[in-house]
Amino acid sequence: MSELAIIRDGALLAENGRVTHVGTEKELRNRIGPDWEVVDAGGRAVLPGFVDAHTHLVFAGSRVDEFERRSRGETYQQIAAGGGGILSTVASTRAASEAELLEQGRRHLDWMMRCGTTAAEAKSGYGLSLESELRILRTIRALHAAGPVRLAATFLGAHGTPPEFAGRTEDYAAHLVEAMLPAVVAEKLAVYADVFCEPRYFTVSQSRKIMLAARRLGLGLRLHADQLSSSGGAQLAAELGAVTADHLELVDAGGIAALAGAGVQPVLLPGSVYALGLAHYPPARAMIDAGLAVVLATDFNPGSSPTPSIPMVMSLAATHLKMSPAEAITATTVNAAQSLGWLGELGTFEPGKRADFVIHDCADHRELAYYFGLESAAEVFIGGRRCFRRT
Ligand code: NIG
Ligand code: FE
């Protein structure tokens with residue numbers, strides 16, 4: 001993960017939205033046709049667009065009131081136990097019109113792109129009823145279709161127990177299996193399914209039932225695992241052959257070994273540790289030492305991680321996860337693309353892949369993790385088209 005193929009005085013050629021050649025400027029100069037558009041990066045670093053492999057992109061409202069309460073000392077769990085947290089965003093999302101959801105989703109996606117993200121995973125999970133979950137997934141589909149940022153949709157109907165099923169999580173899990181998952185699959189609205197596997201949300205045994213049903217219907221599996229407690233989430237992800245296990249702040253050595261044995265990619269979300277004001281970050285080094293292809297993502301959501309910025313996550317990875325800047329770049333490009341089945345299309349500069357590239361306002365790739373709070377992306381290109389230029 002720490003070996004980047006850096007090309008000094010590099011250049012890339014793209015035609016019809018795809019990369020055709022990668023090399024030094026000297027090697028490629030005489031291949032440039034007379035009518036080609038030339039973009040001079042001016043000695044700055046050019047990277048593949050970031051792939052944000054874990055986001056809760058579509059929701060209505062914010063949780064700035066709860067944020068203020070937490071700034072005064074209340075905890076995330078206390079607020080959730082009082083009916084706030086995920087359920088407060090569920091209430092505002094259910095109340096929003098389709099047009100409002102689309103508008104807010106577009107706004108979030110624009111923030112992400114301005115940080116250098118050109119492709120992302122997007123979860124549902126703030127509807128928790130058949131109709132409202134379908135609405136969120138259709139919004140994700142519309143955002144993907146409108147472009148330019150490419151999206152993969154994940155059905156997270158098991159993000160919490162909705163008010164109609166209060167105190168009856170077992171019944172809601174059965175409803176997910178019998179009604180919601182089949183409807184999502186019938187409309188081809190998701191490629192992945194996810195469950196918030198956590199005591200007081202979905203137990204390991206409830207999570208297993210939901211994930212098995214999703215797998216039978218042909219969905220890939222991603223799992224919120226071992227975030228707030230060490231509860232066997234990583235082992236479950238390994239047992240089910242999930243594509244990813246996400247969060248893992250409290251995973252133990254047995255969990256890491258299980259992930260390595262099953263080839264499950266860890267998706268680490270240090271933004272959520274930071275924004276919850278917690279101190280225990282996921283053990284990234286042990287995972288890298290175990291040979292795991294670690295991914296870093298924003299977890300963009302209104303509760304635990306209101307950041308659209310991959311560079312901010314890279315900063316946290318360096319300061320708290322003790323990952324080098326090079327490892328953080330691998331984790332947000334090639335490894336992230338792999339976790340979404342997109343490695344043939346994205347994640348590196350190779351002939352045939354989409355020309356998704358970002359000119360960052362730095363001369364040395366390490367500055368991406370070093371400066372924090374800096375909006376480094378100066379120009380963003382997706383499929384060869386300039387989609388953003390900082391003025
Ligand atoms: O990934 N862990 C569960 N879901 C989100 C938080 C959701 C929320 O608070 O709205 C997360 O951290
Ligand atoms: Fe999440």
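Heads up: numbering here begins at 1 and tracks the sequence. Both ligands and their constituent atoms are indexed starting at 1 by order of listing.
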Q: If you round to 10 degrees, what value do you get for the angle at the Fe ion (ligand 2) between Asp299 atom OD1 and His54 atom NE2?
A: 80°
Q: Show me the short polar-atom pairs for ligand 1: any N or O of it lying under 3.5 Å from a protein N or O, with distances only.
A:
from	atom 1	to	atom 2	distance (Å)
ligand 1	1 (O)	His56	NE2	3.3
ligand 1	1 (O)	His224	NE2	3.1
ligand 1	1 (O)	His247	NE2	2.9
ligand 1	1 (O)	Asp299	OD1	2.9
ligand 1	1 (O)	Asp299	OD2	2.9
ligand 1	2 (N)	Gln227	OE1	2.7
ligand 1	4 (N)	His159	NE2	2.8
ligand 1	9 (O)	Arg63	NH2	2.8
ligand 1	9 (O)	Tyr76	OH	2.4
ligand 1	10 (O)	Arg63	NH1	3.0
ligand 1	10 (O)	Arg63	NH2	3.2
ligand 1	10 (O)	Tyr126	OH	2.6
ligand 1	12 (O)	Gln227	NE2	3.4
ligand 1	12 (O)	His247	NE2	3.4
ligand 1	12 (O)	Asp299	OD2	2.9
ligand 1	12 (O)	Ser304	OG	2.5

Q: Just by distance, no angles: are the side chains of Ser129 and Glu164 close enough, under 3.5 Å, to form a donor-acceptor pair?
A: no
Q: Using only atom types and a distance under 3.5 Å, with no angle test, would you say the side chain of Asp246 pairs donor to acceptor with the backbone of Pro266?
A: no
Q: Ring centroids only, cut at 6.0 angstrom: are His224 and Phe202 within range, meaning strictly under it?
A: no
Q: Please determine whether His247 has a backbone or side-chain N, O or S atom lying under 2.8 Å from the Fe ion (ligand 2).
A: no
Q: Consider side-chain contact (heavy atoms from CB on, under 4.5 Å). Of Leu156, Thr154, Val58, Leu189, which one does Leu137 pass it with?
A: Leu189
Q: At a threshold of 2.8 Å, where the distance has to be below it, does the Fe ion (ligand 2) have an N, O or S atom of Asp246 nearby?
A: no
Q: Classify the ring geometry between His54 and His247 as parallel (under 30°), tilted (30 to 60°) or perpendicular (over 60°).
A: perpendicular
Q: In terms of ring plane angle, is the pair His360 and Phe50 parallel, tilted or perpendicular, where the classes change at 30° and 60°?
A: tilted
Q: Scan side-chain atoms only and decide if Arg135 and Thr93 contain a donor-acceptor pair under the 3.5 Å cut-off.
A: no
